Amino acid sequence: MKFNPADAIQDLQYFGEFGGVNPSISDSSTYTFLSAKTMFDTFEGNADGCYLYSRHSSPSNLYLGQALAAMEGTEAANVSASGMGAITPTLLQLCGSGDHIVSSRTIYGGTYAFLKNFSPRLGIKTTFVDITKMDKVESAITSETKVLYCETVSNPLLEIADISSLAKIAKKHNIKLVVDNTFSPLSVSPAKLGADIVIHSLTKYINGSSDTLGGVTCASREFIDSLKNVNNGANMLLGPTMDSLRSASVMKNLRTLHIRMKQHSHNAMYLAERFEKDGLKVVYPGLKSHSGHHLYKPRLRSRNFTR
Ligand SMILES: *Cc1c(COP(=O)(O)O)cnc(C)c1O
């Protein structure tokens, strides 16, 4: 059966502590154990459903993480207090001193500043390339490269990355393809096209009401557990934790994402067509005039946002 991310979200059923149709919100920083053994097991990551301390995980954050993992078709996900709070720990978990990243040159300004100005202080170097030129991408990879980084639809230039071709290059060189999918939730599913790790700023479409920042990393169970590891996990130790009350409110907004994305796309196409007709220079991947149209259009058409 064809993967439909909107259905994957709606099919999740959670019930609250008292049978509520929404999960109960966990309003605690720390948790109690009825036996000492359970506490040790939880520390080791061997006690499913038990909680230690909310920087590690909390029921509300796990619910939102599960819903976003279902949306991206990955095994697991970890939510963060902002998009940058998902991107930077993910890259720092994958790379250390001496490692190298190949990144698209057209990425979100904060991510670019992190890679250009901040991560070199930790001994991590980045080569920025034109992500639409596969020969340029491949020739930038060295024996030190650990990560290939891009955005599905870039902010703000709306450049389209060919995720399937980039995934082939990443597999060939045994490096991780990390994709920021902030601009195309539900429209494109990078993990289904071969990406290893998919990141979102929830601040934009996913939460959608401009009332909070948020972020998520979607990946294998193994990688998500490593981010939360009490001894060496970047999310656990750097601490960009989302508040439980907030993650419950983002979860409620996620329920309407499929309807909002449809309308956003409709509105954007309407404006792009009118602007183009008026003779303005328009950059929009829905238009035939866009260089990435051939990559984006078939993926969009195969997606029915409604149930
Ligand atoms: C906004 C944005 C981010 C950063 O997210 P914050 O929630 O502001 O930290 C990262 N990537 C993209 C593509 C964005 O648009």
Side-chain angles (χ1 to χ4, degrees), residues 61 64-65 67-68 71-72 77-94 101-119 126 128-132 147-163 166 176-191 193 195-219 227 234-235 238-243 245-247 249-251 253-254 257 260-261 264-265 268 283-285 292 295-296 299:
N61 286 2
L64 180 59
L68 292 165
M71 180 184 88
E72 286 299 355
N78 185 59
V79 296
S80 298
S82 71
M84 290 309 292
I87 293 166
T88 56
T90 298
L91 293 175
L92 293 176
Q93 193 70 23
L94 294 168
I101 296 173
V102 174
S103 170
S104 165
R105 56 183 184 174
T106 54
I107 51 173
Y108 175 69
T111 313
Y112 182 78
F114 174 74
L115 293 174
K116 178 105 174 65
N117 307 324
F118 196 98
S119 64
T126 299
F128 295 96
V129 296
D130 180 343
I131 207 74
T132 65
V147 168
L148 178 54
Y149 187 91
C150 69
E151 294 173 5
T152 316
V153 179
S154 76
N155 177 4
L157 292 174
L158 307 182
E159 195 172 75
I160 308 292
D162 181 350
I163 309 285
L166 293 168
K176 298 288 180 210
L177 176 60
V178 181
V179 178
D180 179 337
N181 200 31
T182 301
F183 269 25
S184 40
L186 303 183
S187 324
V188 181
S189 302
L193 301 170
D196 298 289
I197 297 171
V198 183
I199 297 180
H200 283 274
S201 166
L202 306 177
T203 314
K204 314 295 165 50
Y205 292 122
I206 291 183
N207 182 59
S209 50
S210 303
D211 57 356
T212 187
L213 301 188
V216 69
T217 304
C218 305
L227 286 175
N235 276 82
L238 296 171
T241 314
M242 178 176 265
D243 180 70
L245 299 176
R246 231 3 147 174
S247 73
S249 80
V250 175
M251 178 85 158
N253 288 347
L254 183 64
L257 181 65
R260 291 186 278 115
M261 287 312 291
H264 285 313
S265 307
V283 178
Y284 186 64
L295 283 171
Y296 201 58
R299 281 174 195 152

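None of the values given here were measured: they were computed from a predicted structure. For ligands, and for the atoms within them, numbers begin at 1 and follow the listed sequence.
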Would you say the side chain of [Y] lies within less than 4.5 Å of the side chain of [X], judging by non-hydrogen atoms?
X      : Y      : value
Thr111 : Tyr149 : yes
Leu257 : His264 : no
Leu68  : Leu254 : yes

Check residues 154-161 and write down every donor-acceptor pair under 3.5 Å in which the side-chain atom is one partner and the other belongs to a residue at least two apart or another chain.
residue	atom	partner	partner atom	Å
Ser154	OG	Leu158	N	3.3
Ser154	OG	Glu159	N	3.0
Glu159	OE1	Thr106	OG1	2.6

Pick out the protein N or O atoms lying less than 3.5 Å from any N or O of ligand 1, and list each pair with its distance.
residue	atom	partner	partner atom	Å
ligand 1	5 (O)	Ser201	OG	3.0
ligand 1	7 (O)	Gly83	N	2.8
ligand 1	7 (O)	Ser201	OG	2.9
ligand 1	7 (O)	Thr203	OG1	2.5
ligand 1	9 (O)	Gly83	N	3.0
ligand 1	9 (O)	Met84	N	2.9
ligand 1	11 (N)	Asp180	OD2	2.6
ligand 1	15 (O)	Asn155	ND2	2.8
ligand 1	15 (O)	Lys204	NZ	2.7

Going by the salt bridge (Lys or Arg N to Asp or Glu O under 4.0 Å) test, which pairs reach into residues 101-118, not counting sequence neighbours? Arg105-Asp130
Sorted by chain and number, sequence neighbours left out, ring-ring contact (aromatic ring centres under 6.0 Å, His included) with Phe183 holds for none
